[in-house]
Amino acid sequence: MKYYRFSLDDNIWVFRDLACGGYRSIFDHPYLSFLKEIHEEFHSKIQLNIYYETDGFCLPQMPDRYKGEWEKNADWLRLSFHARADDPPFPYQEAGYQELLNDCAAVEKEIRRFAGPAVLSPFTTIHYCKVTPDGCRGLKDCGVKGLVGLFQPQDGEPVDYSLSKETEAYLQTYPICYDEGYGMFFVRNDLVINAHPMSELAKALEGKENEAFLEVMIHEQYFYPDYIYYQPDFRDKVRFVIQWITEKGYLPVFLEEILK
């Protein structure tokens, strides 16, 4: 069997809107409505990696009136910690154990409150993927079982999650590994959808049809017309990629379903 997971990073604006917009259902919001369309069309399982705060809003302001709806859809829609906020870049590159533990615990506490524990995933992607070993230990002690990264070597840059060069090289060939020292799984991201124009997505997917597992993702903010880097073909890009993956025989999955 071949599996894929579809995740979205940098999520916070949708929660701000739900808190302030008087929506009757979470799926009245156009962003979540679109993701539900993708689920219904392709049976996708979708994960949102979320921030604690953005300008003028933080997760404790998110109401729990939608909790039953989140729980009802936990079979295909899940949430996890991503970072405290969008800025600064590389927020955890020098952060220690306690900072990661505290930030992760703060987000997870709110997810449990407004969405329920069934919605919380123990796998995530940390903002910019640069985390100290102590920071990774803080995440593990918060219940995180695995981390997704790019694992693409750049001159002078530390390896994602401070892993060894040998592990980085392994993840360039194999999609998943378990690191005994960290006691965690590490998963390679195969495609950042918003990093490619629509015309180049087919080329970006070339050669990936025979992988055992694919991880593809996009960032929330590119969905919104008032974002400076708005991508008006956001929906078309996601639908193209998920359709390609589905036609190649991949089945949707959450990492917690296959990595124990």
Side-chain angles (χ1 to χ4, degrees), residues 2-51 54 57 62 66 69-70 72-80 82-83 86 115 119 121 124-125 127 148 150 189-206 208-209 211 213-255:
K2 301 188 298 184
Y3 295 101
Y4 80 95
R5 190 184 73 144
F6 174 41
S7 61
L8 298 98
D9 279 0
D10 296 1
N11 292 273
I12 190 64
W13 292 349
V14 63
F15 301 103
R16 176 199 60 193
D17 293 351
L18 288 170
C20 304
Y23 295 92
R24 292 174 56 190
S25 163
I26 61 174
F27 300 114
D28 287 342
H29 190 284
Y31 177 70
L32 291 176
S33 175
F34 169 64
L35 295 182
K36 188 177 182 183
E37 287 177 19
I38 293 298
H39 163 67
E40 291 175 344
E41 186 172 351
F42 301 107
H43 307 290
S44 297
K45 297 184 178 185
I46 300 171
Q47 181 163 323
L48 309 183
N49 304 319
I50 71 178
Y51 293 135
T54 189
F57 172 79
M62 174 66 188
Y66 304 111
E69 196 168 24
W70 287 108
K72 183 179 178 181
N73 291 280
D75 62 323
W76 70 271
L77 182 60
R78 296 192 183 171
L79 308 175
S80 67
H82 187 50
D86 192 56
V119 178
S121 174
T124 193
T125 307
H127 196 33
V148 177
L150 295 173
N189 172 272
D190 294 285
L191 180 68
V192 179
I193 298 171
N194 55 265
H196 302 272
M198 184 72 184
S199 60
E200 293 181 6
L201 278 175
K203 183 177 181 180
L205 287 163
E206 282 181 7
K208 299 185 185 297
E209 60 270 16
E211 297 284 352
F213 176 83
L214 289 177
E215 167 83 19
V216 299
M217 62 83 66
I218 195 168
H219 294 79
E220 180 200 14
Q221 55 264 55
Y222 294 95
F223 178 84
Y224 298 92
D226 58 352
Y227 180 54
I228 188 172
Y229 301 117
Y230 167 59
Q231 296 188 356
D233 53 1
F234 183 105
R235 291 176 173 86
D236 294 335
K237 285 182 172 184
V238 169
R239 182 168 276 107
F240 175 84
V241 170
I242 301 302
Q243 182 171 338
W244 185 95
I245 288 171
T246 302
E247 289 176 350
K248 300 302 180 185
Y250 287 88
L251 299 176
V253 74
F254 290 119
L255 286 167

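Donor-acceptor pairing under 3.5 Å is lacking for the side chains of Y227 and Q231. N194 and Y229 share no side-chain donor-acceptor pair at under 3.5 Å.
Using a 4.5 Å cut-off on side-chain heavy atoms (C-beta onward), H219 and V192 make contact. Residues T125 and N189 fail the side-chain proximity criterion, which asks for heavy atoms closer than 4.5 Å. Contact annotation: the side chain of N11 never approaches that of H82 to less than 4.5 Å [non-hydrogen atoms, C-beta and beyond]. Under the 4.5 Å side-chain criterion, counting only non-hydrogen atoms from C-beta, F213 is in contact with L255. Using a 4.5 Å cut-off on side-chain heavy atoms (C-beta onward), T246 and E41 make no contact. Looking at V148 and N49, their side chains never come closer than 4.5 Å, going by heavy atoms from C-beta outward. Between I193 and F6, some side-chain heavy-atom pair lies under the 4.5 Å cut-off. Between Y31 and L8, some side-chain heavy-atom pair lies under the 4.5 Å cut-off.
To the nearest 0.5 Å, the span separating CD1 on I245 from CG on L205 amounts to 6.5 Å. Atom-to-atom distance recorded for Y250:OH and L214:CG is 4.0 Å, nearest 0.5 angstrom. Summarising the geometry, atom CD belonging to E69 is positioned 5.5 Å from atom CZ belonging to F27; distances are rounded to the nearest 0.5 Å. A distance of 9.0 Å separates CG in L79 from OG in S121, rounded to the nearest 0.5 Å. To the nearest 0.5 angstrom, K248 atom NZ is 15.0 Å from Y4 atom OH. The CZ atom of F57 sits 5.0 Å away from atom CD1 of I12, with the distance rounded to the nearest 0.5 Å.
Formation of a donor-acceptor pair under 3.5 Å by the S44 side chain with backbone atoms of I46 is not found in this model. Counting only distance, with no hydrogens or angles, the side chain of K237 and the backbone of H196 share a donor-acceptor pair below 3.5 Å. In this structure, K45 contributes its side chain and L251 its backbone to no donor-acceptor pair below 3.5 Å.
Across F254 and L77, no two heavy atoms sit closer than the pair CZ-N, 3.8 Å. When all heavy atoms are compared, the tightest approach of Y23 to P30 is OH-CD, 4.5 Å. The shortest heavy-atom contact between M198 and D233 is CB-OD2, 3.6 Å. Residue W244 comes nearest to K208 through the heavy atom pair CH2-C, 4.0 Å, listed as atom of the first residue, atom of the second, then distance.
Taking the six-membered ring for Trp and thresholds of 30 and 60 degrees, H39 and W76 have nearly parallel ring planes, at less than 30 degrees apart.
Centroid-to-centroid, the aromatic rings of F234 and F223 come within less than 6.0 Å.
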Practice prompt. Go through the steps to decide whether L18 and L32 satisfy the test side-chain contact (heavy atoms from CB on, under 4.5 Å), and finish with yes or no.
Written response: CA-CA 10 Å; L18 288 170; L32 291 176; 4.1 Å; yes
Item to complete: Check the pair R235 / E37 against salt bridge (charged side-chain N to carboxylate O under 4.0 Å, His left out), numbers first and verdict last.
Response: CA-CA 10 Å; R235 291 176 173 86; E37 287 177 19; 5.9 Å; no
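Residue pairs satisfying the salt bridge (Lys or Arg N to Asp or Glu O under 4.0 Å) criterion with at least one member in residues 4-25, sequence neighbours excluded, are listed as follows: R5-E215.
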